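One structure is given below, encoded as structure tokens.
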Amino acid sequence: LMDKELPDEEKQSIFDIAKMHPDVHGVHGIRTRQGGKIKFIQMHLELDDDLSLIRAHNVADEVEKMIVDCFESEVDILIHLDPLSVVVKH
Ligand SMILES: [Zn+2]
């Protein structure tokens, strides 16, 4: 069975949810894959350079929870955190 990407509307929802977080300035590099019943999602969040590590960690957890809550199926999320000054769009 071939894995495939999530539908465009689900990818847009993931982007919109992440952007709703007040500490998230931008989102890029969203990659998705449906593997059996699990949705695999990767994304990069753009955060203030001087956000503390504990705060950045919490932002990632909060965004992850917001996304998990919007899907009924199992979701596996990997979030990469980029300081704004070193963001390279990809
Ligand atoms: Zn990045």
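None of the values given here were measured: they were computed from a predicted structure. Quick note: residue numbers are just sequence positions, from 1. Whatever order the structure lists them in is the order used to number ligands and atoms, beginning at 1.
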Proximal heteroatom of Asp82 relative to the Zn ion (ligand 1) (N/O/S): OD2

ND1 (His44) to the Zn ion (ligand 1) to NE2 (His28) angle, given to the nearest 10 degrees: 110°

Asp49 (side chain) donor-acceptor with Leu84 (main chain) under 3.5 angstrom: yes

Ile30 side chain near Phe15 side chain, heavy-atom distance below 4.5 Å: yes

Any Cys70 side-chain heavy atom under 4.5 Å of Ile17 side chain: yes

Gln34 side chain vs Gly36 backbone, donor-acceptor pair below 3.5 Å: yes

Presence of N, O or S from Glu46 under 2.8 Å of the Zn ion (ligand 1): no

